[in-house]
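Okay, so here's the structure we're looking at.
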Amino acid sequence: MTLAGFLVAEHRQVEDLWLHWPAKNISFDTALGYNLYHLLTGGITAAVEAVRVSAHPDRGRILSDITSERHTDAAVEQWLNERRVERVRRTDGHK
């Protein structure tokens with residue numbers, strides 16, 4: 001699931017956070033293993049605004065998760081870069 005999430009995240013569309021949120025919350029394991037940064041690849045400010053204006057039933061919970069000061073666009077970019085490197089290593093290892 002993380003590969004599929006990464007591929008969607010690479011498009012950096014704010015509206016995709018609505019795809020990532022249910023994926024993250026399928027189970028206890030995915031809640032821990034599916035990185036919150038999947039939701040933030042369209043930009044933190046844009047993601048927060050999209051959630052704030054939504055009527056989503058988990059709106060408050062999502063906002064509390066994504067508004068931490070430790071979440072920065074630079075941190076999300078670093079996370080994406082690390083996932084790209086990891087993906088290349090896995091691909092190269094299967095040749």
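We count residues from 1, following the sequence as given.
A donor-acceptor pair is defined here as one N or O able to donate and one able to accept, closer than 3.5 Å; such a pair exists between the side chain of Gln13 and the backbone of His11.
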For Leu63 and Val48: C-alpha separation, side-chain torsions, deciding distance, then whether side-chain contact (heavy atoms from CB on, under 4.5 Å) applies.
CA-CA 7 Å; Leu63 280 174; Val48 169; 4.1 Å; yes
Residues Ile62, Trp18; criterion side-chain contact (heavy atoms from CB on, under 4.5 Å); working and verdict:
CA-CA 10 Å; Ile62 298 168; Trp18 304 114; 3.7 Å; yes
Could you walk me through whether Ile66 and Ile44 pass side-chain contact (heavy atoms from CB on, under 4.5 Å), step by step?
CA-CA 8 Å; Ile66 67 174; Ile44 293 173; over 6 Å; no
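Closest non-hydrogen pair, Leu19 versus Pro22, comes out as O-CD, 3.4 Å. A pairwise comparison of heavy atoms in Ala9 and Thr41 identifies O-OG1, 3.2 Å as the closest pair. Heavy-atom minimum distance, Val14 versus Ala46: CG2-CB, 3.5 Å. When every heavy atom of His38 is checked against every heavy atom of Thr2, the shortest pair comes out as NE2-O, 3.9 Å.
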Exercise answer: donor-acceptor pairs, residues 28-35 side-chain atoms, under 3.5 Å, sequence neighbours excluded:
unit_1 : atom_1 : unit_2 : atom_2 : d
Thr30  : OG1    : Ala23  : O      : 3.4
Thr30  : OG1    : Lys24  : O      : 3.1
Thr30  : OG1    : Ile26  : N      : 3.3
Thr30  : OG1    : Ser27  : N      : 3.0
Thr30  : OG1    : Ser27  : O      : 3.1
Tyr34  : OH     : His20  : ND1    : 2.6
Asn35  : OD1    : Tyr37  : N      : 2.7

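Judged as a salt bridge (charged side-chain N to carboxylate O under 4.0 Å, His left out), not a single pair has a partner in residues 46-67 (not counting sequence neighbours). Here salt bridge (charged side-chain N to carboxylate O under 4.0 Å, His left out) pairs that include residues 76-88, with residues two or more places apart or in two chains, are Glu10-Arg84, Arg12-Glu77, Glu77-Arg84, Arg83-Glu86, Glu86-Arg90.
To the nearest 0.5 angstrom, His71 atom NE2 is 4.5 Å from Leu36 atom CG.
Hydrophobic clustering places Leu39 together with Phe6 (ILVMFWY residues linked when any side-chain heavy atoms are closer than 4.5 Å, directly or through intermediates).
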